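Read through the structure below, which is laid out as structure tokens, and then see the notes.
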Amino acid sequence: MAVVTDTAAPTDTGGRNGSPQTRRGRPRGLPLLLNAVSVLLGIAIWWILAASGLTIPSPVEVVQRAKDLLADGTLEQDILVSLARVLAGFVLGTAVAIPVGFLMGWYGPVRSLIEPWVQFFRTIPPLAIIPLAIVLMGIDETPKIFVIFLAAFLSCVISTFQGVVNVDRTLINAARVLGTRDPGIFARVVVPASTPFILVGMRVGLGSSWATLVAAELIAAQQGLGYRMQNAQLYYDLPTIFVGLISIGILGLLMDRVLLLAERRLTRWQERR
């Protein structure tokens, strides 16, 4: 008679029962550590390039110039002005793009009416519209916010539209079989499935908004980070230019991280790597 030995299965630390940290194969704090190493490495390379004789200011010079601009309130005021312009145009552009994208993706006739115009304006860089906007709207805040609105809208509307058309038809048909009407299908199936696409479009639109803002401030502005950089260029003031570049990069990075956090919270159901 055969003897059956009940041997306990070996523990699979990388299997389904493992912790999230184990499944990923790396500790939770590793990405932050790598981010810090990357930043320090970039600063070190910058320092080496400045010390080698390349015509760029050193990190110490840029920090000192930033302190001077903060001391007299110039940098703070420029940041607030530029940030207000970006937020106004970005929020307006996103608020219009999401419903338009949903309508384009859900209703064929609406798509046929709107999509040619969206594709037409997508081929025209928002920077090329700045001179026209200034001529038609003047040199106050309106043309600047308008071109930022356009940049954010065009980035987000396409992503939202793509999210709607990519919704699995099986899910929609299953909801119809269960007796769910179009409003319920839209709210419970289409919107959740499209959320990752919308947030990606918002992140792309945010980058486009900052790029467009700087161009608008270079052409017609009396305040803002772009204006300050243009004014510094006239006097070959490289430290001030670097302060503007770094300020824009930091602000854009922080805003992108806010959107990324929102994406993770709103799409917890989505499998991640």
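All values derive from a computational prediction rather than experimental measurement.
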Is it true that Glu217 and Lys144 make a salt bridge, defined as a side-chain N closer than 4.0 Å to a carboxylate O? no
Side-chain donor-acceptor contacts of residues 31-55 below 3.5 Å, not counting sequence neighbours, with atom names and distances?
{"residue": "Trp46", "atom": "NE1", "partner": "Pro57", "partner atom": "O", "Å": "2.9"}
{"residue": "Ser52", "atom": "OG", "partner": "Ile48", "partner atom": "O", "Å": "3.4"}
{"residue": "Ser52", "atom": "OG", "partner": "Leu49", "partner atom": "O", "Å": "2.7"}

Can you name the ring-ring contact (aromatic ring centres under 6.0 Å, His included) partners of Tyr227, sequence neighbours left out? none
So which pairs with a foot in residues 90-102 pass side chain to side chain donor-acceptor pair (under 3.5 Å), sequence neighbours left out? none
Answer yes if Val63 and Ile246 sit in the same cluster of Ile, Leu, Val, Met, Phe, Trp and Tyr residues linked by side chain heavy atoms under 4.5 Å apart, and no otherwise. no
Is any side-chain heavy atom of Arg257 closer than 4.5 Å to one of Leu260? yes
Tell me which pairs pass side chain to side chain donor-acceptor pair (under 3.5 Å) where either residue lies in residues 118-131, with sequence neighbours left out. Gln119-Arg122
Same cluster or not: are Ile158 and Trp117 linked, directly or through other Ile, Leu, Val, Met, Phe, Trp or Tyr residues, by side-chain heavy atoms under 4.5 angstrom apart? yes
Is there a path of hydrophobic side-chain contacts, each under 4.5 Å between heavy atoms, that joins Ile145 and Leu132? yes
Contacts of type side chain to side chain contact (heavy atoms under 4.5 Å, CB included), residue Leu83, not counting sequence neighbours: Leu87, Trp210, Met255
Just by modelled atom types, is the Leu225 backbone N or O under 3.5 Å from a matching donor or acceptor in the Ser82 side chain? yes
Run through the side-chain heavy atoms of Ile, Leu, Val, Met, Phe, Trp and Tyr, join any pair under 4.5 Å, and report what else lands in Leu234's cluster. Tyr235
